[in-house]
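It should be emphasised that the depicted structure is a prediction, and the values quoted were computed from it without experimental measurement. The chains referred to below are lettered A, B, ... by the order of the sequence lines, with proteins before strands, and numbering in each begins at 1.
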There are 2 protein chains.
Amino acid sequence: MSAAEQISIWMRPENVERSGPGRRPGYSRARITQVAVEIADREGLEAATMRRIGQELGTGAMSLYRYVPKRDDLIDLMLDATAGEIELAGRPSGDWRADLSLVAHQTRAVSLRHPWQVTLARRPTIGPNMLRVYDFALSALDGFGLHIDEMVSLCGMMGDYVASAVRDEIGWLEQARHTGMDRRQWMSEYVGPYVGQIVESGAYPMFNRTIREGRLSHMAPDARFQYGLDHVLNGIAAALPDRNA
Amino acid sequence: MSAAEQISIWMRPENVERSGPGRRPGYSRARITQVAVEIADREGLEAATMRRIGQELGTGAMSLYRYVPKRDDLIDLMLDATAGEIELAGRPSGDWRADLSLVAHQTRAVSLRHPWQVTLARRPTIGPNMLRVYDFALSALDGFGLHIDEMVSLCGMMGDYVASAVRDEIGWLEQARHTGMDRRQWMSEYVGPYVGQIVESGAYPMFNRTIREGRLSHMAPDARFQYGLDHVLNGIAAALPDRNA
DNA sequence: TGCATTTCGAGTACGGCGTACGCGATTGGA
DNA sequence: TCCAATCGCGTACGCCGTACTCGAAATGCA
């Protein structure tokens with residue numbers, strides 16, 4: 001297979017400005033992406049099949065392939081489209097902690113609106129909207145004398161936390177929706193009986209403590225997210241040269 | 001659907017000790033899991049279909065369903081089986097930084113041996129082997145006066161980093177295998193042309209700097225992993241009360 | 001104006017997936 | 001010996017992504 005076939009969707013713009021002969025396009029990537037996102041929001045990513053998207057547009061599955069090479073590429077488009085919902089100021093405010101918090105909370109909010117995002121396996125290709133967020137986060141850490149690689153590393157740390165925390169949160173939401181158990185109940189009734197005597201016998205003492213002493217399970221989702229985020233931001237603060245925390 | 005059907009594979013032990021009438025089992029979860037892991041290691045997770053696993057065992061797909069309720073459950077079994085390859089001492093050494101580094105590097109090594117792990121969408125259910133690693137990591141931070149929730153938060157931070165870094169690393173490996181480009185080449189030839197004049201015009205100045213000044217792309221994978229890990233561990237050190245760093 | 005050329009919309013079909021279902025074969029206990 | 005429970009496994013169904021194909025529509029030009 002040639003390398004060109006591996007190139008991301010962003011390198012293959014749809015021919016939106018045509019002047020030659022031939023029928024005019026009746027759909028568009030943007031419209032298809034929008035419909036796909038709506039379906040995935042309502043019924044999950046696996047419901048956004050090519051047939052279903054086509055049906056929602058009043059056509060068949062194959063018509064979509066005039067605009068999108070593969071379904072995987074459409075998913076990249078969907079991801080970047082939702083990244084476009086992240087609202088940031090044009091430039092960071094100068095308060096790095098507030099700026100990074102903004103990115104974190106905005107990202108979380110968008111992901112909670114589009115829970116299918118966390119069910120993705122592939123690391124998404126970076127589209128223009130994601131690039132905008134990435135650049136904002138990086139520039140929040142600019143001006144402290146850090147090397148660019150350090151900023152990348154620290155921003156990545158926060159990004160990893162946010163992605164993971166949101167995946168957890170949505171996982172619990174869906175779990176609760178299916179079983180009616182809340183997080184703590186699930187932890188004790190589901191994991192508990194399995195490790196059973198092992199936990200009680202002290203083989204997993206720390207896990208045992210998370211169940212008995214841990215308060216994270218009791219916290220509201222907002223507070224739990226903030227709790228972890230604070231630790232991450234404290235870690236970033238520790239990397240700033242002259243304690244601009 | 002009942003809640004019982006949602007219960008993880010760990011709550012549904014296979015009937016390994018039978019004495020009543022009926023044919024004796026010819027296979028086992030362990031054997032099926034092992035074969036599935038071998039196939040996934042060689043050809044990727046999507047190649048480990050039920051039909052293919054059955055074929056490798058000299059039978060059909062449906063025979064496996066006597067031992068595993070669903071393919072998703074089998075994947076949970078595969079994950080925990082590989083987590084069993086993580087080699088840790090019985091108890092942490094007392095040097096928290098060395099202990100957490102051990103967990104991080106062991107986890108990375110195992111994931112590199114089983115690259116299909118990072119292509120997973122669902123957050124895995126925690127099996128016994130994962131629990132063992134989790135408990136080891138937590139206990140490495142015990143004894144510094146931290147609340148258990150803080151330990152969970154800090155360990156989670158490191159776990160998030162490791163998972164993300166390994167996913168990246170494997171992603172690049174497969175990219176390189178397909179296209180013959182290394183990481184830096186890909187960054188400039190693939191992302192570069194797309195943002196094109198935008199990058200040059202200064203709309204994404206920080207991203208621009210990661211391309212021009214960044215050295216992360218040039219580092220060997222081991223060093224890159226360690227670079228990020230050091231930042232995470234520094235962040236954890238900052239959370240220890242009396243600077244036990 | 002009429003035609004040649006090009007693109008679009010859409011139907012058909014293929015191979016592969018997970019897995020529901022059912023049935024003969026095998027086994028231990030009464 | 002016969003019964004009842006369990007296993008191995010083949011068949012079949014309804015999905016999926018998408019390769020291929022062809023008529024319809026829309027221009028630029030003669």
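Atom CZ in A/R23 sits about 17 Å away from atom P in D/dC22, given to the nearest Å. In this structure, the CD atom of A/E46 is 13 Å from the P atom of C/dT19, given to the nearest Å. Counting to the nearest Å, the C1' atom of C/dG18 and the CE atom of B/M62 are 8 Å from each other. Residue A/E56 contributes atom CD, which lies 15 Å from atom P of C/dA10 at whole-angstrom precision.
For A/T59, the listed nucleotide lying nearest its side chain is C/dA10; candidates were D/dC16, C/dA10, D/dA25. Looking at the side chain of A/P25, the nearest of the listed nucleotides C/dC8, D/dC9, D/dT27 is C/dC8.
Aromatic ring centres of B/F225 and B/Y161: separated by under 6.0 Å.
The 5' end of DNA chain C is approached more closely, in terms of each residue's nearest nucleotide, by A/P21 than by the other of A/R51 and A/P21.
Taking 4.0 angstrom as the limit, B/Y67 places none of its side-chain polar atoms (N or O) nearer than this to OP1 or OP2 of D/dC9.
Using a cut-off of 4.0 Å between Lys/Arg side-chain N and Asp/Glu carboxylate O, B/R42 and B/E56 are scored as salt-bridged. Classification of B/E14 and B/R66 as a salt-bridged pair fails, no side-chain N sitting under 4.0 Å from a carboxylate O.
Going from atom OG1 of A/T82 over to atom CH2 of A/W116 covers 4.5 Å, rounded to the nearest 0.5 Å.
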